[in-house]
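Read through the structure below, which is laid out as structure tokens, and then see the notes.
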Amino acid sequence: MDYNFKEIEKKWQLFWSENSDLKTDYDDFENKKYCLTMFSYPSGDKLHIGHWYNYGPSDTLARYLKMKGFNVFQPQGFDAFGLPAENYAIKHGVHPHKSTHSNISTMKKQLESIGALYNWDKEVITSDKEYYRWTQWLFLKLYENNLAYRKEAMVNWDPVDQTVLANEQVLADGTSDRSGALVVQKPLVQWFFKITDYAEELLGYEGLSWPKKTIAMQKNWIGKSKGARVTFNVCDSDFKIDIFTTRPDTLFGATYLVVAPEHNLILDLNLINNKEIKAYCDQAANKSELQRSDLDKSKTGVFSGIYAAHPLTGKQIPIWIADYVMMNYGTGAIMAVPGHDQRDYEFAEKYDINIIKVVDDGNDVSIEDQAFTDYGTCINSDFLNNLKTKDAIDKMTVYLENEKIGESSITYRLKDWLISRQRYWGTPIPIVYDPDGNPHPIPDEYLPWTLPDDVEYKPKGTSPLGSSKELLERTEKIFGKGWKPEIDTMDTFVCSSWYYLRYPDSANSSEPFSYESTKWLPVDYYIGGAEHATMHLLYARFITKALNTLKIIDFNEPFTSLYHQGTITKDGAKMSKSKGNTVSPDIFLDQYGSDTFRCYLMFMGPYDEGGDWNDKGIKGISKFLSRAYRLCQQTVDYKETSDDLFVVHSTIQAVTNNLDEMKFNTALSRLMEFVNYFYAKGITASTKMIFIQLLSPLAPHISEELWSYENNTSVFISSWPICDSKYLEKDTIKIMVQVNGKLRASIEVDKSINKDKLVQIAKENQNVSKFILNKEIIREIYVPNKIINIVIKE
RNA sequence: GCCGCGAUGGUGGAAUUGGUAGACACGCUGGUCUUAGGAACCAGUGCUUAUGGCGUGGGGGUUCGACUCCCUCUCGCGGCACCA
């Protein structure tokens with residue numbers, strides 16, 4: 001290494017933080033680019049490779065945009081509420097506020113080593129009362145508008161972290177996203193945000209540049225399905241059962257109904273008095289969600305003893321209770337059509353229930369061994385006979401509506417967002433209860449409704465806030481004797497659901513953000529991990545849409561362009577402290593410096609793919625930067641040839657395109673080729689300036705140093721080089737010659753040449769002529785400027 | 001089961017979107033210089049039975065021409081799932 005990177009890095013990091021030329025003009029929205037990287041949790045550990053992989057390349061993008069002439073805003077902050085600080089408090093007795101802030105200052109120091117251009121003057125720390133006061137404002141806005149409500153529900157309980165979790169925070173295997181504990185179901189009164197009101201809107205992605213994968217995941221999660229609701233009357237009673245089906249065309253094939261074991265009919269009709277039914281329901285209740293949804297187990301159920309009237313035929317059909325029907329989807333009851341639904345088929349076979357065929361594929365399809373679930377043509381279906389499934393669905397739906405026995409209906413899988421948490425270190429829910437237990441919002445003048453300090457952190461299954469004398473006294477003092485505070489805190493995802501709105505106006509103490517400051521939004525580039533697809537990113541979209549409905553903001557999507565950086569793994573596994581496979585950047589920073597380390601991460605491969613960590617190639621980057629440094633130590637004065645200028649301008653073009661597409665790896669390759677080309681012959685003064693500019697977003701420190709040798713201002717306020725296409729045109733072109741699609745020669749010709757002449761030259765080429773000698777030529781294909789293919793008969 | 005993504009030298013990866021497969025880099029081999037090199041520089045490096053043949057997970061197809069498009073299979077990753 002022949003440049004002193006340690007000295008250079010320190011020098012320019014200080015320069016960037018102090019130089020006013022580089023500051024964002026907060027009043028200029030016209031030309032704005034809001035570049036945001038998902039903020040992180042201040043853990044107190046050192047920055048790891050994941051942080052670097054997130055922050056380094058996104059800073060490269062921001063610096064590039066700045067040089068393109070945009071007014072770039074790249075804020076940074078901390079998602080500071082959450083369990084680790086609280087667990088630390090339980091273990092060591094240190095107040096979370098104290099440990100959090102000490103972690104933040106360590107982390108900020110470390111972030112400096114990346115050398116990113118952050119707008120620290122707009123920093124946001126979600127656990128500070130200046131911030132959470134407005135998270136409480138958000139809650140109250142939603143509450144006032146019926147988008148926040150309290151209800152008792154079966155909720156996900158994490159027995160390790162001793163708190164409830166939102167559906168989004170429970171993994172597919174039934175474990176907690178955070179603690180890894182097996183989540184259990186528990187009935188509790190909790191606060192919810194009504195995200196389901198926005199289910200349909202959330203399915204619209206017009207104008208968004210988002211990864212297809214993420215959109216697919218959200219669509220999957222929202223889980224829209226179209227169908228119909230049908231009402232069945234229970235025989236010999238006034239009760240009715242609503243069912244949801246996506247196949248109303250098969251209604252004539254419904255031979256029984258199934259209700260979930262939790263269905264209210266069971267209590268309403270006193271079916272629970274039947275021993276067998278009670279035993280079945282109890283057993284279902286004791287099963288975990290995971291056991292319940294185990295696809296391999298055979299279906300079980302119990303006959304309810306009662307019947308329903310088929311709404312079209314009037315025939316009595318039995319009502320069964322079975323746990324293959326879930327209470328939390330649709331209406332918790334189905335019409336079973338064993339001929340055309342595989343689950344119903346298996347159940348009907350097992351319990352010997354009638355199976356009717358009402359759909360055929362035109363070839364008299366068999367339903368002897370399994371259900372026929374495809375679309376086809378209606379049979380045995382009265383007025384639907386001979387109709388195609390699609391038409392039959394429409395006709396049946398209209399019929400149901402006319403007869404008032406059903407209606408067209410849409411069901412979403414998405415559930416309302418459970419935001420209560422039985423933990424200490426979070427935003428207090430700004431609600432108090434009167435002596436009768438009715439909730440009341442805390443008036444604005446008492447906000448922030450602060451977290452009390454006199455608590456027992458250790459969770460006992462109820463919220464730590466319940467142990468605070470101060471909180472209770474405060475409540476009674478303000479509201480009166482017998483009034484009680486809400487003691488749950490909010491999910492930290494509430495904090496992060498609106499932080500991007502706060503950044504441009506983070507010091508505002510009279511409102512969450514001024515209307516003027518929202519002109520910085522939406523975020524132009526949002527970069528962060530794909531694991532947030534159905535959590536943070538969905539919540540943020542919901543909050544933005546809700547605030548838009550409330551006319552607080554005038555846009556309805558928070559992030560115009562979204563990009564997920566890939567994951568850096570170690571030996572194929574995700575790096576984590578618990579696995580002990582984390583790699584610290586420290587030794588690499590010490591040995592090679594920040595520029596080299598950040599470039600190496602970018603050079604590893606496509607940014608959205610991440611990759612498995614190994615340090616073998618870092619030397620290559622270090623070598624490249626040293627060569628670049630050496631190349632720029634002198635200038636050589638010579639008249640550049642057309643080849644030289646071709647290299648310069650094609651490099652400008654390629655690097656520009658690559659950075660536009662965040663293909664940092666190929667941008668670096670092009671710059672390496674550039675250095676390799678000029679290394680031996682030396683570089684002219686003007687070309688050197690262009691090269692330094694192209695390199696600067698990727699390796700900012702060394703570039704700023706090299707730039708400073710000849711300039712008085714920062715390279716980052718210089719304008720990005722422009723490719724002059726006149727240098728990209730060459731007088732001669734290289735044409736590849738194929739015979740029957742196989743490459744045989746390459747010829748260099750004048751670019752004005754016509755096809756006939758070119759083909760003639762090609763045929764005369766020694767390596768071509770021997771393959772076409774004495775052969776019949778069938779075709780001669782010429783793709784201008786690229787290739788000739790001579791097709792011969794073999 | 002359904003949906004989405006992926007598979008290219010010894011390694012990480014590139015390929016103007018149907019037109020030179022393997023750019024760039026690591027590693028390796030040989031050389032120059034050097035007291036020395038784990039520094040710098042130069043050359044070589046897909047495989048091979050080598051004027052040729054074969055090569056982008058396997059098989060088939062479309063095309064003058066396929067890593068690229070179509071069909072099919074295998075493996076890996078991610079999401080959803082008794083979702084009615």
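The structure presented is a predicted model; accordingly, all values stated were derived computationally and were not measured. Naming: A, B, ... by sequence-line order, numbering from 1 per chain.
For Lys299(A) against C82(B), a side-chain-to-base donor-acceptor contact under 3.5 Å is present. Side-chain N/O atoms of Asn220(A) and base N/O atoms of C80(B) include no donor-acceptor pair closer than 3.5 Å.
Distance check on atom C1': A7(B) versus G57(B) gives 6 Å, rounded to whole Å. Taking atom C1' on both nucleotides, G53(B) is separated from A15(B) by 24 Å, rounded to a whole Å. Nucleotides A43(B) and G60(B), compared at atom C1', are 44 Å apart to the nearest Å. Rounded to whole Å, the C1' atom of C26(B) lies 15 Å from the corresponding atom of A14(B).
Side-chain contact between Phe678(A) and Phe691(A): absent, with no pair of heavy atoms (C-beta onward) separated by less than 4.5 Å. Contact check for Phe232(A) versus Ile317(A): side-chain heavy atoms found under the 4.5 Å cut-off.
Among the nucleotides A23(B), C83(B), C42(B), the one closest to the side chain of Arg627(A) is C42(B). Among the nucleotides A25(B), C26(B), G4(B), the one closest to the side chain of Lys616(A) is C26(B). Among the nucleotides U20(B), C64(B), G13(B), the one closest to any side-chain atom of Ile781(A) is C64(B). Candidate nucleotides A15(B), G78(B), C24(B) were compared by shortest atom distance to the side chain of Met217(A), and G78(B) ranks first. Residue Lys212(A) has its side chain nearest to C5(B) when only G19(B), C41(B), C5(B) are considered. Here the side chain of Leu743(A) is nearest to one of G78(B), U20(B), G65(B), namely U20(B). Listed nucleotides: C24(B), C83(B), C26(B). Nearest to the side chain of Lys623(A): C26(B). Side-chain atoms of Lys663(A) lie closest to A15(B) of the nucleotides A84(B), A15(B), G13(B).
Taking side-chain N and O atoms only, Arg229(A) has no distance below 4.0 Å to OP1 or OP2 of A84(B). Contact annotation: Ser225(A) side-chain N/O to A84(B) OP1/OP2 distance is under 4.0 Å. Contact check, Arg413(A) against C83(B): no side-chain N or O comes under 4.0 Å of OP1 or OP2.
At the heavy-atom level, Phe603(A) lies under 4.0 Å from base atoms of the strands shown. Contacts of Asn676(A) with the nucleic acid, taken as non-hydrogen atoms under 4.0 Å apart, involve only primed sugar atoms and P, OP1 or OP2. Contact annotation for Lys415(A): no contact, since no heavy-atom pair falls under 4.0 Å across all strands. Within the 4.0 angstrom heavy-atom criterion, only backbone atoms of the sugar-phosphate kind lie near Glu673(A); the bases stay farther away. No engagement by Ser746(A) is indicated, since no non-hydrogen atom pair under 4.0 Å with the nucleic acid exists. Note on Asn657(A): nothing from the nucleic acid sits closer than 4.0 angstrom, heavy atoms only. Among the heavy atoms of the strands lying under 4.0 Å from Tyr679(A) are primed sugar atoms or P, OP1, OP2 only; no base atom is included. Among the heavy atoms of the strands lying under 4.0 Å from Met736(A) is at least one base atom, whether or not backbone atoms are also near. Looking at heavy-atom distances under 4.0 Å, Asn789(A) makes contact with a base. Backbone-only engagement by Phe771(A) is indicated by non-hydrogen atom pairs under 4.0 Å involving sugar-phosphate atoms exclusively.
A salt bridge links Glu346(A) with Lys299(A); the closest basic N to acidic carboxylate O contact falls under 4.0 Å. Note on Asp590(A) versus Lys6(A): salt bridge recorded, some NZ/NE/NH1/NH2 to OD/OE distance being below 4.0 Å. The pair Glu729(A)-Lys751(A) meets the salt-bridge criterion, since a charged nitrogen lies less than 4.0 angstrom from a carboxylate oxygen.
The partner of G6(B) is C75(B), judged by Watson-Crick or G-U wobble contacts that both fall below 3.5 Å. Judged by Watson-Crick or G-U wobble contacts below 3.5 Å, the nucleotide C69(B) has G61(B) as its partner. Pair check for A39(B) finds none; no Watson-Crick or G-U wobble contact set falls under 3.5 Å. Base pairing annotation: U17(B) forms no Watson-Crick or G-U wobble pair, as no partner gives both donor-acceptor distances under 3.5 Å. Pair check for G46(B) finds C54(B); Watson-Crick or G-U wobble, both atom distances under 3.5 Å. Using the Watson-Crick or G-U wobble rule with both distances under 3.5 Å, A23(B) pairs with nothing in any strand shown. Nucleotide G1(B) is matched to C80(B) when pairs are restricted to Watson-Crick or G-U wobble geometry with both distances under 3.5 angstrom.
Close placement of the Tyr607(A) and Tyr563(A) rings is indicated, their centers lying within 6.0 Å of each other.
Taking atom CE on Met672(A) and atom P on A14(B), their separation rounds to 13 Å, with Å as the unit. To the nearest angstrom, P of C83(B) lies 11 Å from CD of Gln342(A). If you take CG of Asp608(A) and C1' of G6(B), they are 12 Å apart, rounded to a whole angstrom. The CD atom of Gln766(A) sits 14 Å away from the P atom of U51(B) (whole-angstrom rounding). Rounded to an integer number of Å, the gap from CG of Asp615(A) to C1' of G38(B) is 14 Å. At whole-Å resolution of the value, NZ in Lys742(A) and P in U20(B) are 17 Å apart. Per the geometry, CD1 belonging to Ile410(A) stands 13 Å off P belonging to A84(B), to the nearest Å. When the C1' atom of A84(B) is taken as reference, atom NE2 of His263(A) falls 13 Å away, rounded to whole Å.
G9(B) shows a glycosidic angle within 90° of 0 and is accordingly assigned syn. Regarding the sugar-base torsion, U17(B) falls in the syn class, its angle being within 90° of 0.
With a 6.0 Å cutoff to the six-membered ring centre and a 45° limit on the axis angle, Lys357(A) does not count as a cation-pi contact of Phe372(A). For the pair Arg343(A) and Tyr324(A), the cation-pi criterion (under 6.0 Å, within 45° of the ring axis) is not fulfilled.
Both Arg744(A) and Val170(A) lie near RNA chain B, and the one whose nearest nucleotide falls closer to the 5' end is Arg744(A). Mapping Gly332(A) and Glu609(A) onto RNA chain B via the closest heavy atom, the residue that lands nearer the 5' end is Glu609(A).
We find the CZ-OG distance between Phe603(A) and Ser669(A) to be 4.5 Å, quoted to the nearest 0.5 Å.
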